[in-house]
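Heads up: the structure comes next, in structure tokens.
All residue numbers in this chain count up from 1 along the given sequence. Atoms considered below: every heavy atom in the structure, side chains included; atoms not considered: hydrogens, waters and symmetry mates.
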Amino acid sequence: MTVQNAKIFIARVQTDRELVKRLNKAEDDAARLAVLEAEQLTFTYAQFMEAYSNLLANSQTIEQADGIKNIRLWWQMLQAMG
């Protein structure tokens with residue numbers, strides 16, 4: 001589990017619709033973790049937030065920042081669903 005994995009995850013979900021579908025279809029946290037493990041993209045919530053903060057701070061455009069913010073909101077929504 002690393003911050004780098006979380007950065008890769010954030011980048012991938014911007015373009016990898018199949019990964020997003022699999023995560024959306026996962027019934028719970030354990031199923032989502034299994035998807036991430038299969039992709040070798042495991043990370044903690046703290047690591048995700050560190051990656052998010054770093055990527056947001058280094059955004060070059062408002063659109064890029066908004067995309068990163070939307071990923072955080074989506075990921076937090078999935079986490080809240082259990």
Side-chain angles (χ1 to χ4, degrees):
M1 290 190 215
T2 67
V3 173
Q4 186 61 30
N5 281 355
K7 287 181 178 181
I8 293 167
F9 170 77
I10 292 169
R12 287 242 342 247
V13 297
Q14 291 181 65
T15 59
D16 189 339
R17 302 311 334 149
E18 198 56 40
L19 176 58
V20 171
K21 281 183 192 179
R22 290 177 26 226
L23 290 165
N24 284 338
K25 287 182 180 181
E27 294 184 15
D28 55 23
D29 289 338
R32 276 187 293 283
L33 180 58
V35 171
L36 293 176
E37 286 175 342
E39 297 292 326
Q40 299 181 348
L41 290 174
T42 57
F43 49 85
T44 64
Y45 180 76
Q47 290 167 333
F48 176 85
M49 290 307 295
E50 184 176 337
Y52 163 78
S53 296
N54 182 273
L55 292 170
L56 188 62
N58 290 304
S59 296
Q60 300 295 311
T61 65
I62 291 172
E63 292 80 12
Q64 187 179 29
D66 286 345
I68 293 167
K69 289 177 187 175
N70 287 335
I71 290 167
R72 184 198 62 163
L73 292 173
W74 165 76
W75 187 242
Q76 289 177 326
M77 179 195 69
L78 286 181
Q79 298 301 303
M81 294 173 67

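- No side-chain heavy atom of Lys21 sits less than 4.5 Å from a side-chain heavy atom of Asn24.
- Counting heavy-atom neighbours within 6.0 Å of Glu37 CD, excluding the residue itself, gives a total above 12.
- Residues Ala65 and Ser59 come closest through the heavy atom pair CA-OG, 3.6 Å.
- Annotation: side chain of Leu36 is in contact with side chain of Leu23 (closest heavy-atom distance under 4.5 Å).
- Residues Ala6 and Gln47 approach most closely at CB-O, 3.7 Å, considering heavy atoms.
- Between Val13 and Trp75, the closest side-chain pair of non-hydrogen atoms is not below 4.5 Å.
- No side-chain heavy atom of Gln4 sits less than 4.5 Å from a side-chain heavy atom of Phe43.
- Arg72 has its side chain out of reach of Ile68: every pair of non-hydrogen atoms, C-beta onward, lies at least 4.5 Å apart.
- Atom CG of Leu73 has more than 12 neighbouring heavy atoms from other residues, nucleotides or ligands inside a 6.0 Å radius.
- Other residues, nucleotides and ligands place no more than 12 heavy atoms under 6.0 Å from the CD atom of Glu50.
- There is a path of hydrophobic side-chain contacts, each under 4.5 Å, that joins Leu41 to Val35.
- Taking hydrophobic clusters as Ile, Leu, Val, Met, Phe, Trp and Tyr residues chained together by side-chain heavy-atom distances below 4.5 Å, Ile10 shares a cluster with Met77.
- Here the side chain of Gln14 pairs no donor or acceptor atom with the backbone of Gly67 at under 3.5 angstrom.
- Put simply, the side chain of Met49 reaches to within 4.5 Å of the side chain of Gln76, judged on heavy atoms.
- Linking ILVMFWY residues whenever their side-chain heavy atoms come closer than 4.5 Å, directly or via other members, places Ile71 and Leu19 in the same cluster.
- A donor-acceptor pair is defined here as one N or O able to donate and one able to accept, closer than 3.5 Å; such a pair exists between the side chain of Gln60 and the backbone of Asn58.
- If you take CZ on Arg22 and CZ on Arg32, they are separated by 13.5 Å, rounding to the nearest 0.5 Å.
- In terms of hydrophobic clustering, with Ile, Leu, Val, Met, Phe, Trp and Tyr side chains grouped at heavy-atom distances under 4.5 Å, Tyr45 and Leu78 are assigned to a common cluster.
- By the criterion of side-chain heavy atoms lying less than 4.5 angstrom apart, applied directly or through intervening Ile, Leu, Val, Met, Phe, Trp or Tyr residues, Leu33 is not grouped with Met1; the two fall into different hydrophobic clusters.
- Interatomic distance, CD of Gln40 versus CD1 of Ile8, reported as 10.0 Å (0.5 Å rounding).
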